[in-house]
There are 2 protein chains.
Amino acid sequence: MNSLAEENYLKALYKLGGKSNEVQTNALADKLSTKASSVTDMMKKLSDKKLVNYEPYKGVSLTKEGYAIAIGVVRKHRLWEVFLVDKLAFKWDEVHEIAEQLEHIQSAELIEKLDEFLDYPKFDPHGDPIPDKNGKIYQHLEVTLSQLEKSEKGIVVGVKEHSKAYLNYLDNLNLMLGTEVFIEDKVEFDSSMKVKINNAEVVTISNQATKNLYIKKLN
Amino acid sequence: MNSLAEENYLKALYKLGGKSNEVQTNALADKLSTKASSVTDMMKKLSDKKLVNYEPYKGVSLTKEGYAIAIGVVRKHRLWEVFLVDKLAFKWDEVHEIAEQLEHIQSAELIEKLDEFLDYPKFDPHGDPIPDKNGKIYQHLEVTLSQLEKSEKGIVVGVKEHSKAYLNYLDNLNLMLGTEVFIEDKVEFDSSMKVKINNAEVVTISNQATKNLYIKKLN
DNA sequence: ACATAAATTTAGACTAGTCTAAAAATATAT
DNA sequence: ATATATTTTTAGACTAGTCTAAATTTATGT
């Protein structure tokens, strides 16, 4: 069994380095809002448990076993987010902190039953893919709104940035998962875009915002 | 905010002493499977936080504020148990350990939404009353099966003992919440009872078992 | 190549929670 | 009433996880 702290380190390592990329001590410290010295201590511990490959001064990466644990935590986080939004009517910008707690509940049976109850969702409320029980993830084709050209059409399938501020900004533009977008125009000056939403109103979206929306192209 | 350990001490204090009864250090240590010295340390801490009334060597009881927290944890535990049984199809003997974890999730909004989702249940899967959001509890009239006389009739409304072994024993007898029981006979020799279940088969129930079943008398 | 900067690790201290063993207080028994 | 048993508290040590400050290693710029 792994402690809550250990699980959080493994999850952060996954978010920064994926299945096998090296991650620097400071990057991990930043991600976890802790200090580099604390990271070093934990890396030694996780290395002893064979959950990470750690060489002093050289960075760290997940072992196969560490990756499996990290993926499991991500799976739990995202399934709970679906539960919170679909069943308890939370909004998509309200669920992160609660899911951060729920992701550490220990019970394999619980999570399988939750998955079934939710009807085996493939994506969480932000469009992030939910690993299946074997750890398989179906990744987005990573096309962002900013990469579409004038007159191209697509559907919003995910967000890259999860802050409350950004999610609220999208809500106010009526942009949510499943929304159809059509590029009316790209403004050269500030790289913002004029976008027609669901064949109705046209809104202007900042470059910053367009870079953080995943789109599935149509036609 | 209170730590997980603090919440567990407060809950145990509630289970042993209710709203205001004094509890001995050793009793608390037993309940929490810890040592008396650990209890003493924690009581000093909770006393400093004004969550318990503690006088060295004299025992300890909950303050109003400590009681409110304890009741909140119990409310969360029991609501999650309802979720696990009603929505995720767990059996009543499988939910305790998971609910022990879920009861510490911090989010007032979560628990209110869960309560609504479950349709404001009054009792958990073992028949224990669920405190409402103001901390009000509707207690059972505490009649146990063992207190019924020959030819009396009642309905099973709760269990006093929550061990897996006991709950399984009841399952095997087809005894669950809502089951109708009719006392065919009381055996003087070992105080066991012959009980007709749902107007069908007659089973023999040990004294030990009859003392742990709450009954609502009929007629 | 060498000085300096940046990143990382080590050393030592702190907190929360736990433990064992000894000391102190309270209860019980004759 | 006094010895004995029981209960509780205190003292000191331990672990997990964190921190600051100093030391060390690696990277960078001229």
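Below, chains carry the letters A, B, ... as their sequence lines are ordered, and counting in each starts from 1.
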(request) Starting from C1' on D:dT26, measure out to CD on A:E55 and report it in whole angstrom. (result) 14 Å
(request) With the side chain of B:D41 defined as its heavy atoms from C-beta on, choose the nearest nucleotide among D:dT18, D:dT9, D:dT10. (result) D:dT10
(request) Can you see which heavy atom on A:S192 is nearest to which on A:T204, and at what distance? (result) OG-CG2, 3.9 Å
(request) Using whole Å, report how far CG of B:L32 lies from P of C:dT18. (result) 8 Å
(message) What is the distance, to the nearest angstrom, from the NZ atom on B:K35 to the C1' atom on D:dT7?
(response) 15 Å
(message) Quick one, A:H96 with A:H77, criterion ring pair (Phe, Tyr, Trp, His ring centres under 6.0 Å). Give me CA distance, side-chain angles, the key distance, then yes/no.
(response) CA-CA 8 Å; A:H96 185 73; A:H77 182 103; 5.0 Å; yes
(request) State which of C:dC19, C:dT8, D:dT8 makes the closest approach to the side chain of B:N26. (result) D:dT8
(request) Measure from CG on A:N8 to P on D:dA16 and round the result to the nearest Å. (result) 17 Å
(request) Return no unless some side-chain N or O of B:Q24 is found under 4.0 Å from OP1 or OP2 of D:dT8. (result) yes
(request) Verify the neighbour count for atom NZ of A:K49: are there more than 12 heavy atoms of other residues, nucleotides or ligands below 6.0 Å? (result) yes
(message) With a 4.0 Å cutoff (strictly under), does any side-chain N or O of A:S38 reach OP1 or OP2 of D:dC19?
(response) yes
(message) Any base atoms under 4.0 Å from B:A5, or only sugar-phosphate, or nothing? Heavy atoms, all strands.
(response) sugar-phosphate
(request) Would you kindly give the NZ-to-P distance between A:K44 and D:dT18, to the nearest whole Å? (result) 15 Å
(request) Could you work out which one of C:dT20, C:dT9, C:dT10 sits closest to the side chain of A:Y57? (result) C:dT9
(request) Would you mind reading off the distance between B:L28 atom CG and C:dT18 atom C1', rounded to a whole angstrom? (result) 15 Å
(message) Rounded to whole Å, please give me the gap between CG in B:N2 and C1' in C:dA16.
(response) 14 Å
(request) Could you check A:L4 against A:S37 and say which one's nearest nucleotide on DNA chain D is further toward the 5' end? (result) A:L4
(message) Would you say the rings of A:F83 and B:F83 are close, in the sense that their centroids are separated by under 6.0 Å?
(response) yes
(request) Could you tell me whether B:T25 contacts a base, only the sugar-phosphate backbone, or nothing, with contacts defined as non-hydrogen atoms closer than 4.0 Å? (result) sugar-phosphate
(request) With the side chain of A:K58 defined as its heavy atoms from C-beta on, choose the nearest nucleotide among D:dT26, D:dT9, C:dT8. (result) D:dT26
(message) I need the OH-C1' distance between A:Y9 and D:dA16, as an integer number of Å.
(response) 11 Å
(message) Under the side chain to side chain contact (heavy atoms under 4.5 Å, CB included) test against B:I205, which residue among B:L175, B:I183, B:L213 passes?
(response) B:L175
